[in-house]
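Taking it in order: structure first as structure tokens, then the write-up.
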Amino acid sequence: MIQNEKKYEYWLASIQNLSDNKKHKLREHMNSAKRAYYIEETELNTLNFLSEKEKNVIKQAQKELNPDYVQEELEKKGVSVVLRFEEKYPRQLQSIPDRPYAIFYKGSLPTTEKYSVGIVGARQCTPYGEKYAFEFAQQLAQHRVQIISGLAKGIDGISQRGALMGGGQTFAVLGNGVDICYPRENIGLYHDIIEQGGGILSEFPLGAPPLGFQFPKRNRIISGLSNVLLVIEAREKSGSLITADMALEQGRDVYALPGPINSDLSSGCNRLIWQGAGILLSPEQLLEELGIINVAEGVEFKEKEQEKKKVLETKENLVYSSVGLYPKSANQIMEETGLQVSIVFQILSALQIQGLIREISKNYYIKV
């Protein structure tokens, strides 16, 4: 494709309120996005596969969406675009019936050369959910598994942080433009994902705000990019269960974390298991079931992890216990432990050297 014609492809990809299949059909009919951009109103009105509303959307885009501006903004913000008919388009998405016309992304795209596991769950999760979202993601990442999630509060963000702490790559699929970090509080994670070789992906163009109806659409991409989907804490009616349904429709296997029968946040997961989903008992068990490691390797891996944990002094234990899977400031740690500022910072430095905690932004720490 001639480089200066790419801007018309980006223009077509950036039109909102026109479905992916209609964009594809329009481009095929016109033989190029450039011809679609310059189509005369008389010819446009003869296209029977477009409704009157869709024709008006295209007319408005011709007037208000400048291809040069679209290309300049993409370049300025470091955003790439891959179209569904291009070789680089994620192969995992080619098999889903409603695949996006285009994927906008910062960083990189997931590769089919590595196994991909999607992890979703509740935003308002419990410490139990936090613990296992982090552990599963971390250990999967340590075995070169790509983690796919949605950068949301709770399980999504925790699992993606776990993947990074496992030294792996993770990919966040957004329900808005990739130039907008939503929720804003995950801005550090957003940048860390790109820095560690992962990517931020969306089917929505630059500047698209995080509107509620866009997130179910986003979920089909999370499941579509994944070989397997894990659900970590979900209510009976939740976005996570919608994603699980989509995964099953796409032919993906679904696993769920069991929980107490009196917990609302485990009710959706328990229901999935009752309906036949796989049960998550441990990261090693999952890795073995996926054929990534065998039992002996799993035991050896677990023993090595235990060797990393050093016996801590009483004050160190106090500080270490205060640090959690969510970022916590040094001031919060001082308040919780009652220790003096100099002692807290001394211990935090020691724990970092031992590889037990990590400073993710200035004076904010999480457990490894």
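In this text, all values refer to a predicted model and were calculated from it rather than measured experimentally.
Looking at Ser108, its side chain does come within 3.5 Å of a backbone N or O of Gly197 through a donor-acceptor pair. Judged purely by atom type and a 3.5 angstrom limit, Ser202 uses its side chain to pair as donor or acceptor with the backbone of Asn176. Of the possible polar contacts, none joining the Ser266 side chain to the Glu233 backbone as a donor-acceptor pair under 3.5 Å is found. Not one N or O on the side chain of Glu43 forms a donor-acceptor pair closer than 3.5 Å with the backbone of Glu40. Between the side chain of Asn270 and the backbone N or O of Pro258, no donor-acceptor pair lies under 3.5 Å. Counting only distance, with no hydrogens or angles, the side chain of Gln285 and the backbone of Leu280 share no donor-acceptor pair below 3.5 Å. Of the possible donor and acceptor atoms, none in the side chain of Asn219 sits under 3.5 Å from a partner among the backbone N and O of Thr243.
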Q) Checking salt bridge (charged side-chain N to carboxylate O under 4.0 Å, His left out) for the pair Lys55/Glu52: CA distance, chi angles, key distance, verdict? A) CA-CA 5 Å; Lys55 291 172 186 176; Glu52 286 304 311; 3.6 Å; yes
Q: Report the C-alpha distance between Ile103 and Leu93 in whole Å, list the side-chain angles of each, state the deciding distance to 0.1 Å, and finish with yes or no for side-chain contact (heavy atoms from CB on, under 4.5 Å).
A: CA-CA 10 Å; Ile103 295 290; Leu93 295 180; 4.1 Å; yes
Q: Report the C-alpha distance between Phe171 and Tyr105 in whole Å, list the side-chain angles of each, state the deciding distance to 0.1 Å, and finish with yes or no for side-chain contact (heavy atoms from CB on, under 4.5 Å).
A: CA-CA 10 Å; Phe171 299 85; Tyr105 66 97; over 6 Å; no
Q: Show the numbers, then the answer: is there a side-chain contact (heavy atoms from CB on, under 4.5 Å) between Leu206 and Val79?
A: CA-CA 9 Å; Leu206 296 184; Val79 176; 3.8 Å; yes
Q: Output, in order, the C-alpha distance, side-chain angles, deciding distance and verdict of side-chain contact (heavy atoms from CB on, under 4.5 Å) for Ile155 and Val120.
A: CA-CA 6 Å; Ile155 296 300; Val120 296; 6.0 Å; no
(Q) Using the rule given for salt bridge (charged side-chain N to carboxylate O under 4.0 Å, His left out), can you reason through Glu73 versus Lys77, listing the C-alpha separation, both sets of side-chain angles and the distance that settles it, and then say yes or no? (A) CA-CA 6 Å; Glu73 283 297 293; Lys77 294 181 177 180; 3.7 Å; yes
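Within the 4.5 Å cutoff, the side chain of Arg252 has no heavy atoms near those of the Leu229 side chain. Side-chain atoms of Leu230 and Leu257, non-hydrogen and from C-beta on, never get closer than 4.5 Å to each other. With contacts defined as side-chain heavy-atom distances shorter than 4.5 Å, the pair Glu41/Gln62 does not qualify. Inter-residue side-chain proximity for Lys153 and Gln124 is flagged as met; some heavy-atom pair is nearer than 4.5 Å. Put simply, the side chain of Ile242 does not reach to within 4.5 Å of the side chain of Phe215, judged on heavy atoms. Using a 4.5 Å cut-off on side-chain heavy atoms (C-beta onward), Met334 and Val341 make contact. Here the side chains of Asp20 and Asp98 are not in contact, with every heavy-atom distance at 4.5 Å or above. Two residues are said to be in side-chain contact when any heavy atoms from C-beta on lie closer than 4.5 Å; Leu225 and Leu201 meet this criterion.
By the 6.0 Å and 45° rule, Lys22 does not stack over the aromatic ring of Phe49.
Of the inter-residue distances, the one linking Ile347 atom CD1 with Ile333 atom CD1 reads 10.0 Å to the nearest 0.5 angstrom. Here CD1 of Ile148 is found 9.0 Å from CD1 of Ile222. Values are rounded to the nearest 0.5 Å. Atom CG of Leu65 and atom CD1 of Ile58 lie 12.0 Å apart (nearest 0.5 Å). Lys367 contributes atom NZ, which lies 9.0 Å from atom NZ of Lys328 (distance to the nearest 0.5 angstrom). In this structure, the separation between CD on Gln16 and CZ on Phe204 is 8.0 Å, given to the nearest 0.5 Å. Separating the CD1 atom in Ile194 from the CG atom in Leu189 is a distance of 10.0 Å, to the nearest 0.5 Å.
Salt-bridge formation is detected for the pair Lys6/Glu86: a Lys NZ or Arg NE/NH1/NH2 atom is positioned less than 4.0 Å from an Asp or Glu carboxylate oxygen.
Residue Leu211 places its CG atom among more than 12 non-hydrogen atoms of other residues, nucleotides or ligands, all under 6.0 Å distant. Heavy atoms of other residues, nucleotides or ligands lying less than 6.0 angstrom from CD of Gln94 number more than 12. Within 6.0 Å of OH in Tyr364 there are 12 or fewer heavy atoms belonging to other residues, nucleotides or ligands. More than 12 heavy atoms of other residues, nucleotides or ligands lie within 6.0 Å of NZ in Lys59, so this atom counts as buried by the packing criterion. For Phe345, the CZ atom counts as densely surrounded, since its 6.0 Å shell holds more than 12 non-hydrogen atoms of other residues, nucleotides or ligands. No more than 12 heavy atoms of other residues, nucleotides or ligands shown are found within 6.0 angstrom of CZ on Arg271.
Both Tyr8 and Leu47 belong to a single network of hydrophobic side chains, linked directly or stepwise wherever heavy atoms of I, L, V, M, F, W or Y lie under 4.5 Å apart. A continuous path of ILVMFWY side-chain contacts below 4.5 Å connects Leu12 to Met30, so both sit in one hydrophobic cluster. Ile273 and Val228 end up in different hydrophobic clusters when Ile, Leu, Val, Met, Phe, Trp and Tyr side chains are linked at under 4.5 Å. Hydrophobic cluster membership is shared by Ile193 and Tyr190, with clusters built from Ile, Leu, Val, Met, Phe, Trp and Tyr side chains linked at under 4.5 angstrom. Under a hydrophobic clustering in which Ile, Leu, Val, Met, Phe, Trp and Tyr are joined whenever their side-chain heavy atoms come within less than 4.5 Å, directly or via other members, Val57 and Leu44 fall into the same cluster.
The two atoms that bring Glu336 and Ser322 nearest to each other are OE1-OG, 2.7 Å, heavy atoms only. The two residues Gly224 and Ile96 have their closest heavy-atom pair at CA-CG2, 4.3 Å. When all heavy atoms of Ala330 and Val344 are compared, the closest pair comes out as O-CG1, 4.4 Å. Between Glu54 and Leu50, the shortest heavy-atom distance links the atoms OE1-CA, 3.4 Å. The shortest non-hydrogen separation linking Gln196 to Leu164 is NE2-O, 2.9 Å. Counting all heavy atoms, side chain and backbone alike, Asn363 lies closest to Glu359 at N-OE2, 2.7 Å.
Note on ring orientation: taking the six-membered ring where Trp is involved, the planes of Tyr132 and Phe136 are tilted (angle from 30° to 60°). Between Trp11 and Tyr37, the angle of the ring planes goes over 60°, which puts this pair in the perpendicular group of the 30/60° scheme.
Evaluated for a side-chain hydrogen bond (donor to acceptor under 3.5 Å, both in side chains) with Glu203, the options Arg220, Arg218, Arg99, Gln214 yield exactly one hit, Arg220. Here the options are Gln138, Gln139, Lys131, the test is side-chain hydrogen bond (donor to acceptor under 3.5 Å, both in side chains), and the partner is Glu135; only Lys131 passes.
In the model, Gln146 has no side-chain atom that pairs as donor or acceptor with a side-chain atom of Thr111 under 3.5 Å. No hydrogens or angles considered: nothing links the side chains of Ser267 and Glu236 as a donor-acceptor pair under 3.5 Å.
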